[in-house]
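Letters A, B, ... mirror the listed sequences (proteins, then strands); counts begin at 1.
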Amino acid sequence: MSDSENQEAGAADSPAEGFAGILAERREKLDRLRAAGVDPFPHSFPQREEIASVLDAHQGLEAGAETDSVHRIAGRIAGRRGHGKAAFIDLRDATGQIQIHAKADVLGDQYGLLEDLDLGDFIGIEGRAIVTRRGQLSIEATTWQVLTKALRPPPDKFHGLEDTETRYRRRELDLIANEDSREVFRVRARTVSEVRRWLDDHGFFEVETPVLQPLYGGALARPFVTHHNALDRQLYLRIATELYLKRCVVGGIDKVYELGKDFRNEGISMKHNPEFTMLEWYEAYADYNDTAAGLEDLVSGVAARVLGKAEIERYGQTISLAAPWHRVTLRDAILEHSGIDIDELTDRDALSNALGNEDETAGWGKLVDTVFSKSVEPKLVEPTFILDYPEELSPFAKQHRDKPGKVERWEAFIGGVEIANSFTELNDPDEQRRRFEQQAAEIDRGDEEAQPFDESFIEALEQGMPPTGGVGLGIDRLVMMLTGAASLREVVLFPAMRD
RNA sequence: GCCCCCUUAGCUCAGUUGGUUAGAGCUGCAGGCUUUUAACCUGUGAGUCCUGGGUUCGAAUCCCAGAGGGGGCACCA
């Protein structure tokens, strides 16, 4: 990846070769601009119009039409076609792309400036809107200026940038070269914005809780560990916002949410990045039935606003996101897809035998989770809530009101991917203490993902938390669904990579 | 952590059974062209064939090891 730029002082007659030569050419043009009194990095370009608004203003004009409408626009040179004493330039800003027609007889002395421009440079231009005889809306430049000289070349103008590694490591090149990629991140931005709008419209209160935590909690995962020098103590990057948000509910913030990064020290895959964006919201006086209705409404509503319709395409099929989604209990889902009844096989060894499992350390809950992940999850393409999980996998969920050993919890799946998780929250402090003790036993048995005991959280529950429903929604995964992306890396600007 | 696949010019890609000096298009450079849009035409430059070993008279090509990337397994949201 290292392009060492070897400059030979004053060696104008022995040009550098290869990529170094390309860089040297650009620097020579930079020098020529400066020698001609041009500032290649001016401070601003005021009163410019966005290209999209120029395009909108002149839709439907006939080929050959001319207007008196003068526009001032700026952008990056995306393409260039020279014709001797005239040239066409494709200029692009964040809103769109438009053609510039530059003619020597109109620009006069300024026409020569074209010589020192390259693909990738930023320029500002002013001129009137015309339509070429091929019907292409264009700006006939009357004046222009360099706004930034690009010292490195852009990727291939036609093929774009295909190399996956470069696309992720140098996302700026991907964004320059690939419209599809730009669109993915526009959808992501709109999604986040519409999710916030939904929460705000429903009266939720946005908060920010600590990322650096003395004790991690709220999920079963391995944390990143760091150190605070002044306090000389170990801190963890949060794996969830759950426990702090519940303390907000205890404090009287009945409807609360946080949208931000969580960090989990686990493997990287098409569905996992070590840092990822999570939304958690909590609503007092609600249970997991209410939160399920909330998620259906949020996801279908956000999709309708972002995509214009509450449906997505995936695996060659159209998937409706409209409510109501399928609702199946975990037990029924596993029974249907694997023939195993977890309500019958309540003994760890019996279930292990039925599954042909060889992992001696896996407990009953773990086995249930494994068979579910393998035989059920990939089949949950249409939006589906899986309901009522075993207690041992859910240390913060309240016992089911009429199913012993189960908790009131659902996970929501779309396209075979889990996008959200929710419980009727456990608010009995003594029961919470018992669950922590259960988790402590798991830690002693060597489970690195078990939940550490959090005394201050117990104290908060002792203060009294009203009945509450809570949801965690994976924003990256939601964006995957809305964009059709096959991999999480396609919707994360700078995914985790090796050094 | 384990298994499989990939890595050739700045970009996108060819490269035959192991055979001379590794090619094309775009980009770059020089020139031509006042309505093109992957503009076109002429000329031209550009390589650590991922890295390090090995086999061979000879390696981009075969073998071994490593790196990076992709996919799968395992784990997780």
[atom1] of [X] versus [atom2] of [N]: gap in Å, rounded?
{"X": "A:Asp118", "N": "B:C29", "atom1": "CG", "atom2": "C1'", "answer": "11 Å"}
{"X": "A:Leu114", "N": "B:U34", "atom1": "CG", "atom2": "P", "answer": "14 Å"}
{"X": "A:Phe413", "N": "B:A77", "atom1": "CZ", "atom2": "P", "answer": "10 Å"}
{"X": "A:Ile130", "N": "B:U36", "atom1": "CD1", "atom2": "P", "answer": "12 Å"}
{"X": "A:His83", "N": "B:A39", "atom1": "NE2", "atom2": "C1'", "answer": "5 Å"}
{"X": "A:Leu119", "N": "B:C11", "atom1": "CG", "atom2": "P", "answer": "15 Å"}
{"X": "A:Glu275", "N": "B:A77", "atom1": "CD", "atom2": "P", "answer": "18 Å"}
{"X": "A:Asp121", "N": "B:G28", "atom1": "CG", "atom2": "P", "answer": "11 Å"}

Just call it for [X]: base, sugar-phosphate, or nothing, with non-hydrogen atoms closer than 4.0 Å on any strand.
{"X": "A:Tyr168", "answer": "sugar-phosphate"}
{"X": "A:Asn273", "answer": "base"}
{"X": "A:Gly82", "answer": "base"}
{"X": "A:Ile239", "answer": "nothing"}
{"X": "A:Met270", "answer": "sugar-phosphate"}
{"X": "A:Gln136", "answer": "base"}
{"X": "A:Arg167", "answer": "nothing"}
{"X": "A:Arg498", "answer": "sugar-phosphate"}

Choose from [options] the nucleotide whose nearest atom is closest to any side-chain atom of [X].
{"X": "A:Asp156", "options": "B:G25, B:C29, B:U35", "value": "B:G25"}
{"X": "A:Lys157", "options": "B:A38, B:G69, B:A77", "value": "B:A38"}
{"X": "A:His159", "options": "B:G69, B:U12, B:C26", "value": "B:U12"}
{"X": "A:Arg81", "options": "B:U35, B:G68, B:U36", "value": "B:U36"}
{"X": "A:Phe19", "options": "B:C75, B:G10, B:U12", "value": "B:G10"}
{"X": "A:Glu162", "options": "B:U34, B:U12, B:U35", "value": "B:U12"}

Rounded distance in Å between the [atom1] positions of [N] and [M]:
{"N": "B:G28", "M": "B:G70", "atom1": "P", "result": "30 Å"}
{"N": "B:G23", "M": "B:A39", "atom1": "C1'", "result": "25 Å"}
{"N": "B:C64", "M": "B:C4", "atom1": "P", "result": "11 Å"}

Under 3.5 Å, is there an N or O donor on one side and an acceptor on the other linking the side chain of [X] and the base of [N]?
{"X": "A:Gln99", "N": "B:U36", "value": "yes"}
{"X": "A:Asp163", "N": "B:G69", "value": "no"}
{"X": "A:Arg133", "N": "B:U35", "value": "no"}

- Message: If you assign each of A:Met497 and A:Lys374 to its closest nucleotide in RNA chain B, which residue comes earlier from the 5' end?
- Response: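 Nearest-nucleotide comparison on RNA chain B picks A:Met497.
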- Query: Around A:Arg314, counting heavy atoms of other residues, nucleotides and ligands shown, do more than 12 lie under 6.0 Å from its CZ?
  - Reply: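 More than 12 heavy atoms, drawn from other residues, nucleotides or ligands, come within 6.0 Å of this atom.
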- Please say whether more than 12 non-hydrogen atoms of neighbouring residues, nucleotides or ligands are located less than 6.0 Å from CG in A:Asp109.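 No, CG of A:Asp109 has 12 or fewer neighbouring heavy atoms, counting only those of other groups under 6.0 Å.
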- Query: Any side-chain N or O of A:Lys29 under 4.0 Å from OP1/OP2 of B:C29?
  - Reply: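 Yes, such a contact exists.
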- Determine whether the side chains of A:Asp163 and A:Thr166 contain a donor N or O and an acceptor N or O closer than 3.5 Å.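 Yes, a side-chain donor-acceptor pair sits under 3.5 Å.
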